[in-house]
Amino acid sequence: MHTQSTAFTLGKWQGGEKGQARRTGWQGTSPEWGEITVSSVPHALDNVRAVEVTGGRIPTVAYQSRGIQVMATERPTLNGATLRVGGAAVYLTRNRWGATHRGRALHMTYAGDRYRLWAVSRQEYVVMREADNQDRGVTVTVRESGFGKRKRVEVSVAGRAVGADIALAVLFAGVDRSVLTRRGAVRAGVSRVFHVAADSAMT
């Protein structure tokens, strides 16, 4: 069901059952979508990072990335990633060499709908479900602000959304999105060149 959604805020959150690894992330309540939690998922392997989104009126979203690149970060990255919404796989593509923020966007296809994620800045990003012959689409803008325990995620929605739109949008508050920015893309490019040179020197 498509719903007009008011803006809402997620705050810093910690949780997890006693005796298990603590989960960290974001949590808050949307008037239309109920309580929403974006949480890290502890994993036994050093080269795996994962995050999930749960809520009463949105589908569960699970995101995971694996590889040597995640060992230097606490959050999953956009490389080596898999994404599932309610158990269904989401197809992901991205142009690493794009010259603009939108050119570097992450493209997602889920249940016949096409989405794009792009950075506005290091703290702000947009997830858009593209319009089709049956729907005008929706744009969700997510902005991180504040410091320390007062950090928060502000979510605003333009258009009539479905639960998957909201879940996919807030998910990326728990993902390292740095490669979508110009500076992050340059750093990633330099890192790839360095690793290729290192591999060549060893062969």
Side-chain angles (χ1 to χ4, degrees), residues 1-10 13 15 23-43 48-67 70 75-95 102 104-119 124-144 153-177 179-180:
M1 180 177 177
H2 293 72
T3 302
Q4 198 72 41
S5 304
T6 52
F8 62 92
T9 301
L10 307 178
W13 172 85
R23 291 188 172 205
T24 60
W26 308 95
Q27 189 177 75
T29 302
S30 158
E32 294 79 23
W33 306 103
E35 185 175 86
I36 296 172
T37 303
V38 182
S39 65
S40 60
V41 180
H43 203 284
V48 176
R49 300 288 184 273
V51 64
E52 70 176 5
V53 178
T54 55
R57 302 173 201 162
I58 60 173
T60 296
V61 174
Y63 183 95
Q64 175 180 282
S65 63
R66 61 174 62 224
V70 304
R75 298 186 293 175
T77 68
L78 295 181
N79 297 323
T82 57
L83 173 59
R84 303 187 75 84
V85 176
V90 179
Y91 181 65
L92 307 173
T93 60
R94 180 169 63 88
N95 178 13
R102 294 202 182 199
R104 289 186 292 273
L106 176 68
H107 294 251
M108 300 171 278
T109 304
Y110 163 68
D113 289 324
R114 294 185 297 177
Y115 293 83
R116 282 186 288 159
L117 159 72
W118 69 86
E124 185 175 350
Y125 64 90
V126 172
V127 171
M128 183 184 74
R129 174 167 51 79
E130 297 181 7
D132 56 29
N133 351 351
Q134 299 179 337
D135 188 83
R136 295 182 178 180
V138 65
T139 300
V140 185
T141 302
V142 182
R143 184 176 184 274
E144 297 178 22
V153 171
E154 300 162 344
V155 183
S156 59
V157 184
R160 296 175 63 82
V162 296
D165 301 337
I166 304 300
L168 283 170
V170 299
L171 165 74
F172 291 98
V175 175
D176 183 343
R177 309 175 305 275
V179 293
L180 297 180

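In this structure, CG on L168 lies 5.5 Å from CE on M108, to the nearest 0.5 angstrom. Taking OG1 of T109 as the start and CG of L83 as the end, the distance is 11.0 Å to the nearest 0.5 Å. Atom CE of residue M128 and atom CZ of residue R116 lie 3.5 Å apart, to the nearest 0.5 angstrom. Interatomic distance, CD of E35 versus CG of L10, reported as 10.0 Å (0.5 Å rounding). For the atom pair OG1 of T82 and CD of Q64, the computed distance is 5.0 Å after rounding to the nearest 0.5 Å. For the atom pair CZ (R94) and CH2 (W118), the distance works out to 16.0 Å, reported to the nearest 0.5 Å.
Side chain of R114 to main chain of E130: no donor-acceptor pair is present (N/O by atom type, distance under 3.5 Å, no hydrogens or angles). No donor-acceptor pair closer than 3.5 Å links the side chain of R129 to the backbone N or O of V138. Distance alone, capped at 3.5 Å, places no donor-acceptor pair between the R177 side chain and the A119 backbone.
No side-chain donor-acceptor contact under 3.5 Å links E124 and T141. Counting only N and O atoms by type, the side chains of S5 and W33 include a donor and acceptor under 3.5 Å apart. Defined by atom type and a distance below 3.5 Å, a donor-acceptor pair is present between the side-chain atoms of Q27 and T37.
Of all heavy-atom pairs between P76 and G174, the closest is CD-O, 3.5 Å. Of all the heavy atoms in L78 and L106, the pair that sits closest is CD2-CD2, 4.1 Å. Across A164 and V85, no two heavy atoms sit closer than the pair CB-CG1, 4.5 Å. When all heavy atoms of A167 and V53 are compared, the pair lying nearest together is O-CG2, 3.9 Å. Taking each heavy atom of V127 and A169 in turn, the nearest pair found is CG2-CA, 3.8 Å. Taking all atoms of both residues into account, the shortest heavy-atom contact from T77 to Y63 is O-OH, 2.7 Å.
Between F8 and I166, the closest side-chain pair of non-hydrogen atoms falls below 4.5 Å. At a threshold of 4.5 Å between non-hydrogen side-chain atoms, the residues Y115 and D165 count as touching. Put simply, the side chain of L117 reaches to within 4.5 Å of the side chain of L180, judged on heavy atoms. Contact check for V179 versus R104: no side-chain heavy atoms found under the 4.5 Å cut-off.
Evaluation of the side-chain hydrogen bond (donor to acceptor under 3.5 Å, both in side chains) test over residues 49-62, restricted to residues two or more places apart or in two chains, returns R23-E52.
A side chain to side chain contact (heavy atoms under 4.5 Å, CB included) with V51 holds for exactly one of V38, V61, V41, T24; it is V38. The one candidate from V153, I58, V155 that meets the side chain to side chain contact (heavy atoms under 4.5 Å, CB included) condition with I36 is I58.
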>> With side-chain contact (heavy atoms from CB on, under 4.5 Å) as the criterion, how do V175 and R75 come out once you've worked through the C-alpha distance, each side chain's angles and the decisive distance to 0.1 Å?
In response: CA-CA 5 Å; V175 175; R75 298 186 293 175; 5.8 Å; no
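Residues passing the ring-ring contact (aromatic ring centres under 6.0 Å, His included) test with Y125: none are found, sequence neighbours excluded.
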